[in-house]
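Written out below as structure tokens is the structure these notes cover.
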Amino acid sequence: MILFLEPGIPPGKVERLKELAGSEGLGFRVLDEALAGRRLVLLAAEPSRPNPDLIARVRSWHGVERSISFADPHPMVSSAPETLVIVPRWAGLSAEKAAPPESREIRVGPGHFLWIAGPCSVENPEYLGETATRVARAGATMLRGGAYKPRTSPYSFQGLGREGLLLLAAVARDVGLALVSEVLDPRDVDFVSQHTDLLQIGARNMQNFALLKEAGASGHPVLLKRGPAASIEELLLAAEYLLDAGCPGLMLCERGVKSLDPLRPTLLDLGVIPALREHCPFPLIVDPSHGTGQRSRVIPMAKAAVAAGADGVMVEVHVRPEEARSDGSQALLPEDLERLAADLSVLAELEGRTLSPLVRDCPAEGEEALTLLPRSSARSSDGSRADRGTVRGDPSFRRSKST
Ligand code: PEP
Ligand code: MN
């Protein structure tokens, strides 16, 4: 950091500044050159960890007129890897999936495009199973769904909690999708990590530092959503919390910021994608569902997200949006997913990306949605499908043929 000292600053003050720097282990050197009568001081900061408190103290020191800091406020963010690799929990659990390990990985970053879809919240096994089946059939890579819901009103549906998460895990495995789900409370991080492939930290928890630390230490990759009024710097520092706590990989998600327009209370800030690119290497995705709040606006903005350079999109979908317990008005219909798939693959290709492939065995056309059955009767005739992996204590599913 370079400090510009006021002309005529008493030598005693310079000495005290030197002591302060020394007490924090910083080098202190008064430069021989002056600039417009100002004496210049060079403060050598620690190379790896910035100390924002010290920088603020030195800057506000009486007699320091201006300062220029060269310290990177988020060094871990700046040097994180650009590709995030997610290995679904169920990959490798099944002999059926004899594909080479790399084809079971989801790669998010340069050259790849991630498509996440699913309901806003898990409501019951039927809707979740049907929706997930359509998501897999449309070619999405990951299933989303909330078991712990952050709702503005305490009287709104709060999600099914643990039961909902176990349902999600079982359905995701059964349709061959990786799973992302939100964790709201640091005490649930372990449980949500055990049953998902990616932990989601929602917009309203972007600066829940206790949650960031716990999630970062879980050893699980994290999808961090931008707060509705968060600056780029705040978002990057929230990401720094995760990485500093040990997070092995993360991606950020733009999901709209608050606007002054009552007809468009949430403004999807696609400009943040190229702006963030200047500061962080890891994947950036866009959520046009929460970012627009209206079904008719989701697909256009999903397409625009690809052009803005996003590494993926996350959309909400529901088989019966009118019955959804949250965010039905922004949920795409299953048939919209097919349209979106076609658009995304063409646009992603134009951007030099391919839709992240994942070897899976998703339900074919003509197959019914998943049916909830007790595990004992879920075994198919060859003993394979419903027997794939186990989530202790979870219900099991069988896919039934239409009759
Ligand atoms: C969600 O993705 O389920 C969600 C609640 O979104 P957000 O945190 O962006 O509001
Ligand atoms: Mn939602």
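Just so you know, ligand 1 is whichever comes first in the structure, and atom 1 is the first atom listed for that ligand. All figures in this text were calculated on a predicted structure; none of them were measured in a lab.
Closest of all the heavy-atom pairs between Val108 and Pro283 is O-CG, 3.3 Å. The two residues Ala275 and Ile232 come nearest to each other via the heavy atoms CB-CD1, 3.7 Å.
The protein heavy-atom contact nearest to atom 3 (O) of ligand 1 is Arg144 NH2, 2.8 Å. Scanning the protein for heavy atoms near atom 6 (O) of ligand 1, the closest one is Lys225 NZ, 2.9 Å. For atom 8 (O) of ligand 1, the closest non-hydrogen atom of the protein is Ala203 N, 2.8 Å. In terms of protein heavy-atom proximity, atom 9 (O) of ligand 1 is closest to Arg255 NE, 2.6 Å.
When non-hydrogen atoms are compared, ligand 1 lies under 4.0 Å from the side chain of Pro150 (C-beta onward) but not from its backbone.
Within 6.0 Å of CG on Leu350 lie more than 12 heavy atoms contributed by other residues, nucleotides or ligands.
Near Gly202, with a cut-off below 4.0 Å to any heavy atom, the atoms of ligand 1 are 8 (O). Heavy-atom proximity to Arg204, at under 4.0 Å, picks out these atoms of ligand 1: 10 (O).
For Asp287, the salt bridge (Lys or Arg N to Asp or Glu O under 4.0 Å) partners at least two apart in sequence or on another chain are Lys225.
The cationic atom of Arg162 (NZ for Lys, CZ for Arg) lies less than 6.0 Å from the six-membered ring centre of Phe191 and within 45° of the ring axis. Figure legend: Arg38 and Phe4 shown without cation-pi pairing, the cationic atom not lying both under 6.0 angstrom from the six-membered ring centre and within 45 degrees of its axis.
For the residue pair Ser121 and Ser326, a side-chain donor N or O sits within less than 3.5 Å of a side-chain acceptor on the partner. Side-chain atoms of Asp197 and His220 include no donor-acceptor pair closer than 3.5 Å.
Side-chain atoms of Arg144 come within 3.5 Å of backbone atoms of Cys120 as a donor-acceptor pair (strictly under, hydrogens ignored).
Near-neighbour remark for the Mn ion (ligand 2): protein N, O or S atoms under 2.8 Å are Cys120 SG, His290 NE2, Glu316 OE2, Asp327 OD2; waters not counted.
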